[in-house]
Amino acid sequence: MSPAADQPTRNDPPAYDFRSAEPRWQRAWAERDCFAVGDTPSDARPKYYVLEMFPYPSGKIHMGHVRNYTLGDVVARYKRARGFCVLHPMGWDAFGLPAENAARERGIHPAKWTADNIAAMRAELQRMGLSLDWRREFATCEPAYYGQQQKLFLDLLRAGLVERRESWVNWDPVDQTVLANEQVIDGRGWRSGALVEKRSLAQWFLRITRYAPELLAALDHLDRWPERVRVMQAKWIGRSEGARLRFALETRLDDHAEIEVYTTRPDTLFGMSFLAVAPEHPLAARVASRDPEAAAFLAECRRMGTSEATIEAAAKRGYDTGLRVRHPFRPEATYPVWIANFVLMEYGTGAIFGCPAHDQRDLEFARTYGLPVRPVVLPPGEDAGHYTVRERAYDGPGRVINSEFLDGLEAEAAKTRAIAELARRGMGEGVVNWRLRDWGVSRQRYWGCPIPVIHCPACGVVPVPAADLPVLLPEDVTFDRPGNPLDHHPTWKHTPCPACGGAAVRETDTFDTFVDSSWYFARFCSPHAAEPVARAAADHWLPVDQYIGGIEHAILHLLYARFFTRAMAATGHLAVEEPFAGLFTQGMVTHESYRAGDGRWLYPEEVECRPDGTAVERANGASVTVGRVEAMSKSKRNTVDPGAIIARYGADTARWFILSDNPPERDMEWTEAGVAGAWRFTQRLFRLAEALPPAAAEPLPVALGPAATALRRATHRTIAAVTDALEGFAFNVAVARLHEFANALADAERQQAAASAADGLDWARHEAMQTLARLIAPMMPHLAEELHARLGGADGRLVVELPWPEADPALTVAETVTIAVQVMGKLRGTVALPPGQAEPEVIAAAVAEPNVARVLAGRRIVKQIYVPDRVVNFVVAG
RNA sequence: GCGGGCGUGGCGGAAUUGGCAGACGCGCCGGACUCAAAAUCCGGUUCUGGCGACAGAGUGUCGGUUCGACCCCGACCGCCCGCACCA
């Protein structure tokens with residue numbers, strides 16, 4: 001029988017009809033409000049906040065969502081059963097470019113497109129049977145949300161955490177918009193194909209760099225975060241220690257008298273052979289203003305674009321400005337100043353001193369332009385008289401040479417010494433440098449949160465007064481020409497200045513959508529509050545105890561949220577510094593890919609897989625190439641629609657399979673056979689419950705037969721094992737233990753025929769089945785309710801209202817243990833004994849085991865190792 | 001290049017963290033039921049030898065520590081992920 005088959009025939013055993021059961025239980029939970037919690041519950045239960053990364057409303061859920069929300073729901077339901085008061089909300093990350101693209105391509109208003117998508121996805125999520133508090137739902141595109149975000153922004157502005165400044169951006173001249181680095185492909189806009197320019201624009205920045213030290217240091221305390229996420233964040237923040245020093249120009253150039261440089265290697269200063277500045281460095285512009293050749297070089301650098309592939313492939317190139325700088329320790333020595341394409345304006349000071357012997361990039365540059373290579377750090381075991389640098393620069397430890405007062409010092413000591421000397425001469429100082437840059441949040445887009453400021457020709461930038469919030473997006477916008485619709489709206493941007501009353505214009509940029517997702521977890525605590533967060537609610541619920549989502553957000557989203565939490569603490573909105581106490585990053589859902597002979601990718605449902613491993617296209621029987629198992633993607637068409645799976649097999653089956661095959665942090669392969677297996681298991685459990693005789697007498701029978709005792713032990717060992725597995729996020733192991741338990745119940749069913757009623761087996765089977773229903777509940781909540789109800793319920797209470805089963809310690813210890821008997825570390829037999837036997841008894845049983853006795857015959861036992869209840873090992877001679 | 005992770009049957013994986021390797025599922029093989037099929041149920045399934053009891057080999061490779069190693073240490077090979085001209 002398969003779920004696609006027609007009605008069961010008369011002789012078939014009763015089947016579990018998820019189609020009627022799942023909606024029925026979803027209604028029951030909704031009617032009883034099982035998952036609603038208050039903003040500040042006066043509840044003795046401890047709080048637990050489970051959150052999955054909220055989705056972008058693309059219109060359809062995908063398998064990644066199913067995995068994400070199933071994992072979260074298991075945690076939420078389990079914690080609820082364990083006596084926690086659980087907050088488990090859901091919402092929509094609803095601003096963003098796809099809505100505008102839909103508007104341009106299909107003429108649908110972004111608001112309508114988004115609302116329709118949300119409605120469709122909400123219905124799909126509800127069919128999954130997630131234990132969500134839907135009363136807390138919000139979408140970030142609602143004024144009730146983004147208006148509060150505007151308030152928050154103005155608070156940050158007052159606190160000095162916001163700055164407006166010029167910055168270089170990728171500008172698409174056709175679409176008239178700023179592009180992110182990943183939207184620039186081979187120097188061209190991903191949408192328009194136009195050559196991207198680097199432009200300097202006034203932009204809003206959030207000063208995340210202020211918190212760089214805290215954001216880095218606190219990583220050490222996030223012990224429930226994956227190590228690799230912490231490592232990625234630490235590298236992103238990028239702390240380095242070095243020196244900032246100034247090189248005097250031999251002759252000044254207008255107002256430029258010196259060049260400031262950052263270095264982590266002040267110990268190699270005597271190995272310098274040139275100085276280089278970034279193409280965007282102010283000095284470069286100054287040189288170019290009077291040197292056409294320099295200007296041409298800068299133009300070429302700008303054209304190179306920002307795509308990583310281009311940068312990586314680019315050779316080191318430069319332009320000699322003709323300027324020279326003095327060495328800080330040797331005023332008589334001067335060095336050429338170059339403009340070099342490999343120097344980054346964004347890092348350090350945008351200028352470096354080049355020491356080719358000890359830096360690979362400098363070496364490549366020096367070799368290209370014939371600059372000297374002078375070693376000043378001698379690798380251990382090398383001879384100072386003969387040491388030369390060849391293909392590779394040396395950046396390891398060693399003793400300093402050719403460096404006057406630094407000679408003889410170890411490189412590390414020389415750094416300290418060089419910095420002290422720079423400071424003494426007033427030419428530099430030791431500094432800590434950070435890679436992290438301030439967060440540019442301006443986007444030239446319509447479908448985002450308006451930045452609530454007004455530009456007045458007289459007063460400058462004026463914040464929108466609180467009474468005028470929210471700054472609403474105008475609805476009557478057109479997408480018939482490129483650029484930001486807010487910018488060419490006829491009336492919206494014109495407004496009187498709040499300060500002087502004169503004519504002024506609104507800021508037409510909107511926020512980066514990462515801003516929306518940087519505080520939504522806090523808003524969920526009090527989603528209807530008239531302020532960004534109600535303090536009492538936030539203080540009660542935060543931090544999120546368990547956050548679950550994809551690894552792709554390891555850096556930006558999580559770092560921004562950590563920053564926002566600190567900024568909101570600084571402005572009095574929150575009391576916590578870290579938003580997420582526990583983080584779990586799930587693996588991807590993968591699937592085989594299929595390709596027709598003519599190269600077309602085929603969807604799994606278009607392909608029939610034969611038992612011999614070959615595959616053919618259903619439509620025409622043509623043979624199909626089975627490709628790699630890889631992440632589901634539309635381009636490869638190796639996607640499976642969760643809606644279709646749930647319609648065919650039910651939500652419980654989908655949930656069970658997605659939990660069963662792999663550890664959740666690893667990638668999992670979605671297979672038809674796997675879902676079908678999960679579906680069979682749901683039916684099997686239903687049959688096991690249906691096969692039980694009517695509810696047994698309530699009290700525990702005085703005398704239990706061996707079969708009943710064994711089943712009770714299995715029941716209580718399973719409780720302990722499943723509890724351990726769920727606590728450790730080992731959901732696949734929990735599934736395995738429940739499979740074993742079902743097997744034990746099936747064994748008991750067979751034994752029942754041979755047992756007499758006095759053995760108490762029917763009682764034990766009821767206990768087992770009722771326990772099973774409650775243990776599967778976090779994973780298969782609908783089936784759990786169905787089984788529970790058929791077993792007689794519990795005074796009308798649902799499974800979701802019952803506590804987690806408790807294992808009886810007396811029943812979790814084994815009656816007998818099987819002790820392995822080894823000779824010289826090799827297994828030769830086993831003995832079954834009651835646990836806790838004294839060593840002499842165990843040894844006696846071990847040597848008596850026939851096969852062990854055979855192997856030991858004629859040999860002398862030199863030593864015996866005894867590990868209680870586990871193993872005996874004999875070391876023999878002869 | 002730097003950083004992190006992972007290598008266990010035909011496949012996904014398990015192993016109380018140094019103590020019976022391969023739980024559980026998928027697949028496959030055999031059997032029961034059936035006129036037949038589907039479904040269901042039962043049994044088997046790391047490899048080699050043996051009818052068998054059993055023996056030998058076995059957790060990427062090589063070596064080490066240990067009474068005992070998938071687990072700890074060293075070297076190497078392969079794969080995956082992240083970052084990368086960061087001075």
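Hydrogens, waters and symmetry mates are skipped; everything else that's a heavy atom, side chains included, is used. Chain naming here is simple, since letters A, B, ... match the order of the sequence lines and numbering starts at 1 in each.
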Is the phosphate of B/A87, meaning OP1 or OP2, less than 4.0 Å from a side-chain N or O of A/Lys415? no

Closest of B/U16, B/C67, B/A87 to the A/Arg870 side chain is B/U16

Which nucleotide, B/G19, B/C54, B/A14, lies nearest any side-chain atom of A/Ile865? B/G19

Which word best sums up how the rings of A/Phe729 and A/Phe731 line up, parallel for under 30°, tilted for 30 to 60°, or perpendicular for over 60°? tilted

Hits for side chain to side chain donor-acceptor pair (under 3.5 Å) against A/Tyr560, two or more places apart or cross-chain, chain-then-number order -> none

Side chain of A/Arg361: nearest nucleotide among B/G19, B/A87, B/G56? B/A87

For RNA chain B, just give me the dot-bracket, please: Watson-Crick or G-U, both distances below 3.5 Å, ( ) intra-strand, [ ] crossing earlier pairs, | paired with another strand, . unpaired. (((((((..(((......[....)))((((((.......))))))((((....))))..(((((..]....))))))))))))....

Over how many whole Å does the gap from A/Glu690 atom CD to B/U40 atom P extend? 17 Å

So which protein N/O to nucleotides 29-31 of chain B N/O distances come out below 3.5 Å?
none

Nearest whole angstrom, please: distance from the P of B/C86 to the CD1 of A/Ile555. 17 Å

Quick one: do A/Glu429 and A/Arg246 make a salt bridge, cutoff under 4.0 Å? yes

Can you name the atoms? Protein N/O to nucleotides 1-7 of chain B N/O, anything below 3.5 Å, with the distance.
none

Quick check: A/Trp679 with A/Phe657 (ring centres under 6.0 Å apart)? no

Is A/Arg437 touching bases, backbone alone, or none of the nucleic acid, heavy atoms closer than 4.0 Å? nothing

Salt-bridge contact A/Glu412-A/Lys415 (side-chain N to carboxylate O under 4.0 Å): yes

So that I can tick it off, tell me whether A/Glu815 and A/Arg713 are bridged by a salt bridge, with the cut-off set at under 4.0 angstrom between side-chain N and carboxylate O. yes

Reading RNA chain B from 5' onward, which residue's closest nucleotide shows up sooner: A/Asn851 or A/Thr264? A/Asn851

Can you tell whether the side chains of A/Glu227 and A/Arg230 come within less than 4.0 Å, N to carboxylate O? yes

How about A/Tyr649 and A/Thr682: does a side-chain donor come under 3.5 Å of a side-chain acceptor? no

Any chance the side chains of A/Thr590 and A/Asp667 put a donor and an acceptor closer than 3.5 Å? no

Under a 4.0 Å heavy-atom criterion, the protein footprint on nucleotides 21-26 of chain B, written with B, S and -, is --BSSS

Touch class at under 4.0 angstrom, heavy-atom based, for A/Asp724 against every strand present: nothing

Residue A/Arg750, side-chain atoms from C-beta onward, closest of B/C85, B/A87, B/C41: B/C41

B/U48: syn or anti, with syn meaning chi within 90° of zero? anti

Take the angle between the ring planes of A/Phe353 and A/Phe247 and call it parallel below 30°, perpendicular above 60°, tilted in between. tilted

Are A/Lys316 and A/Phe365 in a cation-pi contact, defined as NZ or CZ under 6.0 Å from the six-membered ring centre and within 45° of the axis? no

More than 12 foreign heavy atoms under 6.0 Å from CZ of A/Arg435: is that the case here? yes

Can you check B/G9 for me, syn or anti if syn means within 90° of 0? syn

Between A/Met232 and A/Met345, which is nearer to the 5' end of RNA chain B once each is assigned its nearest nucleotide? A/Met232

Going by the side-chain hydrogen bond (donor to acceptor under 3.5 Å, both in side chains) test, which pairs reach into residues 727-748 of chain A, not counting sequence neighbours? A/Tyr78-A/Glu727, A/Arg684-A/Asn743, A/Arg737-A/Glu740, A/Asp747-A/Arg750

